[in-house]
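Throughout, a chain's letter reflects where its sequence line sits, starting with A, and its residues are numbered from 1.
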Protein chains: 2
Amino acid sequence: MKRDSRLSSVLHALLHMAEHDGPMTSDVLAQCLGANPVVVRRTMGLLRNAGLVSAARGHAGGWRIAADLNSVNLRQLHEALGEPAIFAIGNRNENPQCLVEQSVNAALEDAFSDAEALLMTRFADVTLADLAQDFARRYASRRDVKE
Amino acid sequence: MKRDSRLSSVLHALLHMAEHDGPMTSDVLAQCLGANPVVVRRTMGLLRNAGLVSAARGHAGGWRIAADLNSVNLRQLHEALGEPAIFAIGNRNENPQCLVEQSVNAALEDAFSDAEALLMTRFADVTLADLAQDFARRYASRRDVKE
DNA sequence: TTATTCGTAACATATAAAGTTACATGAAAC
DNA sequence: GTTTCATGTAACTTTATATGTTACGAATAA
Ligand code: FES
Ligand code: FES
């Protein structure tokens with residue numbers, strides 16, 4: 001299965017934007033991510049719909065963050081992306097008449113929903129500001145190594 | 001992404017086999033699951049490699065469970081299937097030089113590995129015997145409704 | 001008026017799960 | 001021993017979905 005990497009992508013883009021003055025264009029972000037500008041627009045458009053970023057057209061246009069880094073967490077971003085399916089493993093048949101399949105599905109769904117709940121809790125706990133700080137720490141320690 | 005439904009499939013097959021005397025052929029299981037006999041052989045073959053089922057060829061051949069229902073849990077089955085990827089969401093680039101991406105990946109992997117650990121714990125807690133019992137309960141309560 | 005940039009539809013490609021065909025191998029029935 | 005039944009597997013096809021690409025319209029500033 002091909003994994004959905006949009007959350008990773010938008011995080012990368014947002015952190016890049018956080019470290020950058022002024023708007024960044026889809027083309028620049030796409031080059032940064034090793035992705036396609038249209039895909040960037042498509043994906044960032046979802047964040048725009050959620051009010052997390054704003055877009056401006058024309059000269060000196062592009063994307064900028066429209067929220068406080070402290071107030072945006074990973075869960076919000078996941079939601080802004082439409083809450084895509086988290087698991088690559090699933091039930092064969094979601095609406096089985098067969099009682100055996102019902103038992104199987106119930107057991108699996110129990111386990112998966114617990115794991116999903118934990119993941120969402122972890123996501124809610126990490127803000128863009130946290131990531132920016134982690135980046136700053138990594139940046140500083142790399143400079144230490146160089147010196 | 002297309003979700004991997006093999007765990008669900010083999011559980012369905014195993015419970016069916018648990019309720020059934022004698023071996024069951026790939027064709028019968030496939031019909032039960034609404035799947036393909038070759039896919040059944042392919043998938044059950046992994047369980048055979050793990051010693052969980054045995055296969056016999058020729059007349060009166062087929063698959064049978066080769067372990068105590070109490071001693072087989074969902075985690076073992078997941079492992080027997082080759083521990084396929086659990087998440088449909090992932091990092092864009094697993095080996096980034098970019099420090100921003102490193103921060104993003106680290107944060108996401110933290111959250112995902114916690115969720116995966118919880119899922120594996122839940123899986124380890126559910127045995128085939130548990131599922132068979134749950135099935136028996138559902139079967140009984142359906143008969144109650146009918147009467 | 002021109003250059004730039006987003007917005008979006010339509011189509012193309014890539015990847016992986018599941019399905020399918022084909023045939024070899026082995027075991028029981030006759 | 002020959003036939004029938006069943007697994008074992010390789011090779012290929014289909015299907016689903018994420019991502020990429022092309023094309024063009026709309027808005028905005030130089
Ligand atoms: S921050 Fe732009 S390439 Fe990673
Ligand atoms: S148990 Fe065979 S169809 Fe569900």
| said: With a 4.0 Å cutoff (strictly under), does any side-chain N or O of R92(B) reach OP1 or OP2 of dG20(D)? | reply: yes
| Using a cut-off of 4.0 Å on non-hydrogen atoms, how would the nucleic acid contact of G62(A) be classed: base, sugar-phosphate, or nothing? | sugar-phosphate
| Does R41(A) place a side-chain N or O at less than 4.0 Å from the phosphate oxygens OP1/OP2 of dC6(C)? | yes
| request: Starting from L118(A), walk the hydrophobic network (Ile, Leu, Val, Met, Phe, Trp, Tyr; side-chain heavy atoms closer than 4.5 Å) and list everyone else you reach, by chain and number. | output: L118(B)
| Residues R137(B) and D134(B) bridged, charged N to O under 4.0 Å | yes
| message | Using only atom types and a distance under 3.5 Å, with no angle test, would you say the side chain of R122(A) pairs donor to acceptor with the backbone of L108(B)? | response | no
| Would a distance-only check, ignoring hydrogens and angles, find a side-chain to backbone donor-acceptor pair under 3.5 Å from D130(B) to T127(B)? | yes
| said: Please compare W63(B) and H59(B) by the position of their nearest nucleotide in DNA chain D and report the one closer to 5'. | reply: H59(B)
Please list each protein N or O that sits under 3.5 Å from an N or O in nucleotides 10-12 of chain D, with the distance.
unit_1, atom_1, unit_2, atom_2, d
dA11(D), N6, R42(B), NH2, 3.2

| query | When you check the phosphate oxygens OP1 and OP2 of dA18(C), does a side-chain N or O of N36(B) lie under 4.0 Å from one of them? | reply | no
| Contacts of F123(A) that satisfy ring pair (Phe, Tyr, Trp, His ring centres under 6.0 Å) - sequence neighbours left out | F112(B)
| Is R3(A) near enough to dT19(D) that one of its side-chain N or O atoms lies under 4.0 angstrom from OP1 or OP2? | no
| said: If you compare every side-chain N and O of S26(A) against the phosphate oxygens of dT5(C) (OP1, OP2), does one of them come in below 4.0 Å? | reply: no
